[in-house]
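Have a look at the structure below before the remarks.
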Amino acid sequence: MLFNSLTFLIFFPCVFILYYALPFRFRKYMLLIASYYFYMCWKPEFIVLILFSTLVDYCCGLGMVRWPRWKKWLLAVSLTMNLGLLFFFKYLNFFGESLTALCRAVSIPFSAPALNIILPVGISFYTFQTLSYTLDIYKGKLKPERDFVTFALFVSFFPQLVAGPIEKASNLLPQLKQEHKFSYKNVTWGAKLMAWGFFKKMVVADQLAVLIVDPVYQNLEQYQGGTLVIATCAFAFQIYCDFGGYSDIARGCAKMMGIDLMVNFKSPYFFSHSISNYWQRNHISLSQWFTEYVYIPLGGSRKGRAKQYLFTTITFFLSGLWHGAEWSFVIWGLLQAVYLNLERAFHRSKEPPKSPPLHLLAVLTTFALSCFSLIFFRATNIGDALYVVRHALWGIGDPALYCKALLANLTGLEAMNLGMRHAAFLAGALGLLFLFDLADEKTDAIAMVSRWPLAVRWGCYLGLVMIVLIFGVYGPGYDVRAFAYFQF
C-alpha cells in the first residue's frame, strides 16, 4: 500500500479512529492486524517472510537470556536466517551473474542459473531492524521482549515497515507498550508533518522525476553537457524529497498515535559542509546502523588511521550493496568511502568554516561530490553512468559552446513538457523546500509556523494542501508513483 494512494487515505483514518476507540489492551492486536494488512496489499504471500523473521528473532532473543552459554550460536542462527533470506531474494541472481561474467572472462565454461525471484518490498529495512534487536540482546544492551504480539508489532509497525526509519528496539518497543492518550497537539503536529511529506513526495520528487530526471536518464544518448548536470542535480533533490517525504509521512502517522519515530533527514543538501556532516544528516537511521553494527565492531577509529580507512571502505561497500544488487551501487558506496577517507586525511576539523563565503563553498563542494556519486546511483548500469561522467562537462572549456548546447538540450526538454511554466513551478517548490529546511535548521519549522497568527498559519496549511492537490494528485498527467526506496 502506498502512502500517496487513495487506499491509504481510507486505511489510515480507520486505523486512527480504532486506535483511540479501542481499550488499550486491544490496541496492539489491532495495530498488528493493520500492519500485516498494510504489507499484504502488495504481495500477500510475502507476509510469511516477516512472520518467519519475527519468530526466529523472538526465540533467539529469549534463548540468549535463558541459555547464555549458547548466545553465540543463537546469534549465528538469527544472522544466518535473516541474512540468508535477504541474500536469496536480493542477491542470489546478482552474484550468480557476476560469477558467470568472471568465469567467461577467464574462459571457464560456467553459467549460473537465473531464477525468477521477486524482491519483497522493504525486506532490507525490516531485516536490519530485527537484526539490531538480537545484536543488542547479545551485547547486553537490551532485555528480550517476552510478549510475542508486541515484538511482532515492533518488526512490522506499518508507518515505517517498508522504508524506515530503521528503529532500534530500545526506542520503539517501550512506546508500543505505553498507553497513549488522545492529544490534540500530537494529532495536529503529525497531520502537518504528513502534509509536508506529501508535498515533498508528490509535488517536488515526482515532478522532478517526470519533468527532468526520467526524460534525460532514459534517453541519455540524446543529451550532453549542462543538461546532464541539471538532471543529476535534480535527481539529488528527487531522491531526498522522495525518501524524506516518506519518512515525514511515517513520522506524522506515528505521532498522531502518540509514537515518536526518529528523524531520518536533516537538510542534507542545503547545509552539509562536509561528507561526514552529510552522513550525519542523510538517511540517519541507516548510517547509525552501519556505524554501530559494522564499523565499530570492525575496530572503528581505535586501530590506527590505515585500518580506519579500510573499515570505512568495508562499511560503505556493504552500504552500497545494501542499496541495490548492482555494481553501480557498490561504486556509489566506494566513492563515499573515498570522500570520507580523503576528508579525514587532509581536513581533520569537523567544524564548519567560520567565513560565510568559505562555508558556502564547502556546502557547494559537498553537494557536487554527492551529485557525482549519485550518477552511479541513478544510472541503469555502469555503462550509462560512465556516459554521463564523460559527457556532463562536454564543451565546458568553451563557455559559449557549452551554453549553446545547454540551451539546445533544454529546448528538447521543453518538448517533453518542461516549459517556462514548469521550470518556474519547480524553482518555486525548491525555494519553499529551502525555506522550510532553513527554518528547521534553526528551530522546529512546524512549531515556528504554529506561533504565527491564526489566519496566517491556516492560510499556510490550506495553501500547502491545495498545492499537493493541484500539482500532485490532480496535476497534469500525474500518476501515483511508488517511493524510490521500496526497491531497496
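For the pair Asp136 and Lys139, the salt-bridge criterion is not met [side-chain N within less than 4.0 Å of a carboxylate O]. In summary, Asp147 and Lys28 engage in a salt bridge, as defined by a charged side-chain N under 4.0 Å from a carboxylate O.
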Given the rule in the ring-ring contact (aromatic ring centres under 6.0 Å, His included) test, do Tyr278 and Tyr339 qualify, once you have shown the distances and angles that lead to the verdict? CA-CA 11 Å; Tyr278 170 79; Tyr339 295 160; 9.4 Å; no
With side-chain hydrogen bond (donor to acceptor under 3.5 Å, both in side chains) as the criterion, how do Thr127 and Asn82 come out once you've worked through the C-alpha distance, each side chain's angles and the decisive distance to 0.1 Å? CA-CA 6 Å; Thr127 297; Asn82 285 287; 5.0 Å; no
Check the pair Phe436 / Phe199 against ring-ring contact (aromatic ring centres under 6.0 Å, His included), numbers first and verdict last. CA-CA 12 Å; Phe436 187 93; Phe199 170 83; 8.8 Å; no
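With Phe158 as reference, Phe11 is the one residue of Tyr37, Tyr36, Phe11 to meet the ring pair (Phe, Tyr, Trp, His ring centres under 6.0 Å) rule.
Under the 6.0 Å cut-off for aromatic ring centres, Phe237 and Phe270 qualify, their centroids lying closer than that. Taking the ring centroids of Trp322 and Phe329, they lie at or beyond the 6.0 Å cut-off.
The line from CG of Leu298 to CZ of Phe290 is 11.0 Å long, rounded to the nearest 0.5 Å.
The environment of Lys266 atom NZ is sparse: at most 12 non-hydrogen atoms of other residues, nucleotides or ligands sit within 6.0 angstrom. With a 6.0 Å radius and a threshold of 12 heavy atoms from other residues, nucleotides or ligands, Tyr184 has its OH atom at or below the threshold.
The shortest heavy-atom contact between Tyr269 and Ala236 is CE1-O, 3.1 Å. Counting all heavy atoms, side chain and backbone alike, Ala112 lies closest to Thr100 at N-OG1, 2.9 Å. Contact between Thr232 and Tyr217 at its shortest, heavy atoms only, is OG1-OH, 2.7 Å.
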